[in-house]
J.: 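The structure is given below, and queries will be raised subsequently.
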Amino acid sequence: MSQEIQQFRATLPINEFKSEILKQVLENTFIIITGDTGSGKSTQLPQYLLDDEEFRLNICERRKKFLEEQVEEKEQTKVQGFLSKKQKPFIPEDRKNSTDLKIVVTQPRRMAAISMAKRVAFERNQNLGIEVGYSIRFDNSTTNTTQLRYVTDGILVRECLQDKDLRGYDVVILDEAHERSLYTDVLFALVKTAARRRKGSLKVIITSATLNINIFKSYFEGCPYVKVHGKSFPVEVKYSEHNITQQKRNHDAVNAAIRMHLHEGPGDILVFLPGSEDCEVCRKFCYERLAEVLNSGVEVPSVLLYTLYGSQTSEDQSQVFQRADEHTRKIIFCTNIAETSLTIDNIGFVVDTGYVKQKVYNPRTGMDSLIIQPISKTQAIQRTGRAGRTQAGKCYRLFSKQFYESLSEHTTAEIMRVNLASVMLLLKSMGIDDVVRFEFMEQPTQEAILQSLRQLYLIQAIDEDGYITPMGYEMSRYPLEPSYAKALITSKMMECSSEMSAIVAILSTESIWQRITRVDVDGYQKLQEIQSQHADPAGDHLSLLKVFSEWKQAVFNEQFAKDTLLNLRSLKQSDNIRQQLQQLVEGTSRKKCLQFYEQDYLYKLFRKQKDSKKWNINESIKLSLCSGFYFNTARKMHNGEDTYLMVYPEGTVVDTDPQSVYTVIQQYPETVIFTELGGTSQVRGVMKLISEINIEWVKPYFSNMVKVDLFKLARIEFQQRGRDAVHERRQKKIQEQEKQKELEEKQKLEKHQIYKARFEQRKKVKM
DNA sequence: GAGCACTGC
C-alpha cells in the first residue's frame, strides 16, 4: 500500500474508532454503525476486518465449529436460483478449513457497488476481482478467491434463495440501511434468522446515516452501536414565514434561488423540486426572471442554469458535473435524484420546496398512484446536508418552522408502499410459510399481505391453504413480478416464449419511447404521430413488441432509435433483460410444466386452436397474458367511449390510458386485459398497457376470484411443522371423507336390509 | 377530461 493512501486512510473519521469497532464486532453478532457521508465507513470498515489477524482466526474457528456441528441438512429449497454459475455463493464444504475471510457489503444502488469495489481495490493496490470485487445484475467481477464482495441488495436476496444460512459468508454488512429499500428490509429479516442459526459464526453489521436508530436497535436485540462523526461543514437553516402554495411553488423557488445568487458568496445552488417537469419550467422561468432583473439595470453575476432528473440521458446529466469557471455560479433544478443517488460537489446553497413525488400502492384497489406529498424530517435534513459537503452553507426552506415540526420523522419504508406479491412468494419459496406473522422490521398492513396472497392464489403460485405450489417455485426463479412470471411460463407451453420474454422485458424497464415533456409542443406532436404509425390494434403489448423488433431488425441501430424517438438506454436494458429471461425460460422443463397445465383451461384452448390449425402466435401471446392477469379484465361501458368496468372487484370503473394505442387509434375493444393500473389518488384508476381479448377465454376463471377464502390462505397454524401439518390435515380430511363414505355405505346397507326385512315380512304376511 | 419521483433482481 502506498504511503499516500495510507496517510489518507488515517485521516478518515472512522479511523479513530477502529479498535472500538473491532472489539464490538468480535464480541457481538449484530452491530450498528452510524456515520454520515464522508466518514469512510463503507470503504474502510470491511478492510479493518479483512486485515485484523485476531478477528480472522477467531471467525474461522467459529465457522469450522459450526460447519462440523451442522448435521447434513436436506436441501429445503428445490429452487435453483437464477444466478449464473459464476455468481453462485461459495460451497460450504470448501469453507470448513479455509482460512480466508468472506465479507459481503450490500448497496441499494448499482453505481455505488461498482465504485466502492473499485475504490477499495485501488486502495489495496489490487486488480478488481482478486481480493475485492462487485456483483450486480448483468455484471459480475468476482471470482472464487474474492474475499470482499460489494453487491446490490437484490443480489444478496437471490443468494439467500440458494442458501438461506448464507454459509458462503462470515460477515454481512448492510450499508445505507436508513434508506430502507425494499430488499434491504427483506434482508434485515433474512439475515437476522440466518445469524441465529449460524450460532455466532456470522457477523452482521448494519450501517446507517446518523439518524434515529432506535428502530434498528430494538429489531436487532438491543445490540451495541458505534457512532462515527462525519466530515461535514455547518449549514445554516432558514425558514419562510409562510408555507408556499402549490401554484406558487415553482415561482417562489426561482425567486429564492435568484436572491441567493445576487446576495450570497461563492458556492453553487441546488433547488429541490417534486418533478422533472417542474425542473424544466423553473429553468425557463429563472432565465426569464434573470433577463428582467438585468434589464432593470441591476448587475447580475455570471450564472449557468441546469436541470437534473432521472429520465434525462446520461449526457445531459453529466453536463451538471462539469466544473464552471471560478466566477460563474451554477443553479441546478433537481428532483430527488440529488438527495441520495447523485452527489454534486461545490454546493453552497440549497433551496428546499419541502415536497416530493412518491409512488403509493393501494392494496384494496391494486392501484399505483404517484402523489405529491410533503417530505419527511429525515429527507429535509438529508437535503440540507447537500450544502455542507465542501464548505459551510445555507439552506433555505420554503416552509415555516411549524410546517417542519408537523412533518413525519421518517420517509415511509418502501415495503409499506408496494405490492407485496413478489416478496411473499420469495419468502414462501425459502420455506417461510407463515408470512402473516413473519418478523419484518416494520410490519406491512395485514390488508397488503392478504391481498398479495390473494393474487398469488389466483395465479396458482400458492394453494388454498397458503402453501407454495410447484408452479410457485418455478415462478420464484424469475426476477419478475409473479404475474409476469406466470405469463412467461405459460408462454413456454404456448410456444411463444421468445416473444413473451421480450414483452415482459420491455415492461420491466422504463418506457422505450423517449420522454418528451409538454413544454416541447412540436416534439410531443411528432411523438404522437410516430406512435400512431406503430400502433397495432391487437394492443399495447404487441405494439411494443413490434417496435422493439423493428429496432432489433435495424441491427440495434442508434440512428433508427433517434429517428423513431425511442429511448436507446431502455431499449438496451430491455434486450439485456430479454436475454436473461430467455435463458431462464430455457431452463424450465416443459415436461415438468405440463403437469401444472394439464387441467388448465387456457392451455386446453391453446391445444384446440393448434389442432384446428387456426393457430396464430398473437393469440397465444394474449392467452399467456391472460394466465397471469385475468383478474385485470375489463369490459367497455358505452359504445365508442373509453370507460371500462372491471369484472372484479364489482363496480370498479376504470379509464383508458391516454398513451395507450387504443386512445391513439380511437378504437375501444369490447373486452380488454391490462397489466398495470395507475392514476392519481383523486380520480379513478387508469388502465395502462392494454390488450384486446375474448371474454370467453377468461370467463371460467371469474368464479375463482369471488370464492377466494382469504381467511384460509393466511391461516397457517403450525409454523414449526409447516408442510407436515397441512399434509396431516389433508390426510385427516381424506380419512374423514372415507369414513363418511363408509358410514353412508353402511347406512345404505342397513336401510336396504330394513327394506328387505320389511319386504320379507310383507311377503310372509301375504303368504 | 389526463400526464411520469427514485431504485433494483
Side-chain angles (χ1 to χ4, degrees), chain A residues 81-84 87 106-113 135-140 151-161 176 179-187 272-280 308-312 334-342 353 355-360 368-373 375 379 411 414 417-418 422-423 425-426 476-482 484-485 504-505 508-511 513-519 524 527-528 567 570 573 576-577 580-581 584 641-643 655-660 663 676 678-680 682-688:
Chain A
F82 84 95
L83 301 159
S84 64
Q87 280 175 317
T106 68
Q107 292 293 327
R109 280 171 295 280
R110 299 157 55 108
M111 270 297 291
S135 179
I136 60 178
R137 191 184 191 181
F138 305 126
D139 195 1
N140 177 26
V151 304
T152 39
D153 46 15
I155 288 275
L156 194 62
V157 170
R158 284 282 151 182
E159 288 182 359
C160 280
L161 262 181
E176 310 281 5
E179 286 191 26
R180 303 289 305 279
S181 80
L182 180 62
Y183 287 126
T184 307
D185 259 29
V186 174
L187 282 173
F272 282 102
L273 298 158
S276 56
E277 206 175 305
D278 297 301
C279 295
E280 292 300 340
L308 184 64
Y309 46 85
S311 55
Q312 279 169 320
C334 66
T335 61
N336 245 12
I337 196 170
E339 208 176 277
T340 48
S341 309
L342 298 178
T353 55
Y355 282 86
V356 67
K357 271 190 194 174
Q358 209 170 41
K359 205 168 177 177
V360 182
D368 258 327
S369 24
L370 202 64
I371 303 169
I372 297 184
Q373 53 185 208
I375 56 174
Q379 268 178 303
T411 314
E414 195 182 354
R417 313 190 323 251
V418 295
S422 56
V423 172
L425 186 60
L426 211 64
S476 69
R477 294 171 63 235
Y478 292 84
L480 293 170
E481 287 294 314
Y484 289 125
V504 171
S508 310
T509 56
E510 50 181 340
S511 171
W513 294 103
Q514 279 177 25
R515 195 192 288 186
I516 295 170
T517 53
R518 274 177 295 177
V519 182
Y524 193 71
L527 179 68
Q528 280 192 320
N567 181 339
S570 29
Q573 169 85 346
N576 262 338
I577 297 177
Q580 186 192 14
L581 296 178
L584 281 165
E641 286 179 30
D642 59 352
T643 318
D655 287 322
T656 309
D657 186 2
Q659 311 268 22
S660 164
T663 313
E676 229 179 279
T680 51
Q682 286 91 5
V683 278
R684 58 186 178 218
V686 177
M687 301 183 289
K688 306 194 166 188

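First the proteins, then the strands, lettered A, B, ... as listed; each starts at 1.
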J.: Take A/Thr106 and A/Glu176, measure what side-chain contact (heavy atoms from CB on, under 4.5 Å) needs, and give me the verdict at the end.
T.: CA-CA 8 Å; A/Thr106 68; A/Glu176 310 281 5; over 6 Å; no
J.: For A/Tyr309 and B/dT7, give me the distance from atom OH to atom C1', rounded to whole Å.
T.: 18 Å
J.: Using whole Å, what does the distance between atom C1' of nucleotide B/dC6 and atom CD of A/Gln373 come to?
T.: 13 Å
J.: If I take atom CD in residue A/Glu277 and atom P in nucleotide B/dC6, what distance separates them, rounded to the nearest angstrom?
T.: 13 Å
J.: Measure from CG on A/Leu480 to C1' on B/dG8 and round the result to the nearest Å.
T.: 12 Å
J.: Which of these nucleotides, B/dC9, B/dA5, B/dC6, is closest to any side-chain atom of A/Ser276?
T.: B/dA5
J.: Name the nucleic acid region contacted by A/Gln659, choosing base, sugar-phosphate or nothing; use a 4.0 angstrom heavy-atom cut-off, strictly under.
T.: base
J.: If I take atom CZ from residue A/Arg110 and atom CD1 from residue A/Ile155, how far apart are they, to the nearest 0.5 angstrom?
T.: 8.5 Å
J.: Need to verify one output field. Residue with the more 5' nearest nucleotide on DNA chain B, A/Ser508 or A/Gly275?
T.: A/Gly275
J.: Ignoring backbone atoms, establish whether A/Arg137 has a side-chain N or O less than 4.0 Å from OP1 or OP2 of B/dT7.
T.: no
J.: Choose from B/dC9, B/dC4, B/dT7 the nucleotide whose nearest atom is closest to any side-chain atom of A/Ile155.
T.: B/dC9
J.: Would you classify A/Thr335 as touching base, sugar-phosphate or nothing, given that sugar-phosphate means primed atoms plus P, OP1 and OP2, and contacts are heavy atoms under 4.0 Å?
T.: sugar-phosphate
J.: Given atom NZ of A/Lys359 and atom P of B/dG8, what is their separation to the nearest angstrom?
T.: 14 Å
J.: Using a 4.0 Å heavy-atom cut-off, does A/Arg515 contact any base of the nucleic acid, only the sugar-phosphate backbone, or nothing at all?
T.: base
J.: So, is A/Ser422 close to the B/dC9 phosphate, meaning a side-chain N or O under 4.0 Å from OP1 or OP2?
T.: no
J.: Side chains of A/Glu280 and A/Tyr309: donor-acceptor distance under 3.5 Å anywhere?
T.: yes
J.: Separation of A/Leu308 atom CG from B/dC6 atom C1', in whole Å?
T.: 12 Å
J.: If I take atom CE in residue A/Met687 and atom P in nucleotide B/dA2, what distance separates them, rounded to the nearest angstrom?
T.: 14 Å
J.: Is it true that A/Glu277 and A/Arg515 have a side-chain N and a carboxylate O under 4.0 angstrom from each other?
T.: no
J.: Does a donor on one side chain sit under 3.5 Å from an acceptor on the other, for A/Thr184 and A/Ser181?
T.: yes
J.: Which sits closer to the 5' end of DNA chain B, A/Val686 or A/Asn336, going by the nucleotide each is nearest to?
T.: A/Val686
J.: In whole angstrom, give the distance that lies between atom CG of A/Leu187 and atom P of B/dT7.
T.: 20 Å
J.: Kindly point out which of B/dC4, B/dC9, B/dA5 is positioned nearest to the side chain of A/Arg158?
T.: B/dC9
J.: Does A/Pro658 reach a base, just sugar-phosphate, or nothing at all? Heavy atoms under 4.0 Å.
T.: base
J.: For the side chain of A/Lys357, counting heavy atoms from C-beta on, which of B/dA5, B/dC9, B/dT7 is nearest?
T.: B/dA5
J.: Of all the nucleotides listed (B/dA5, B/dC6, B/dC4), which has the minimum atom distance to the side chain of A/Ile337?
T.: B/dC6
J.: OP1 or OP2 of B/dC9 less than 4.0 angstrom from a side-chain nitrogen or oxygen of A/Arg110, does that happen here?
T.: yes
J.: If I compare all heavy atoms of A/Pro479 with all of A/Arg158, which pair ends up nearest, and what's the gap?
T.: CA-NH2, 3.8 Å
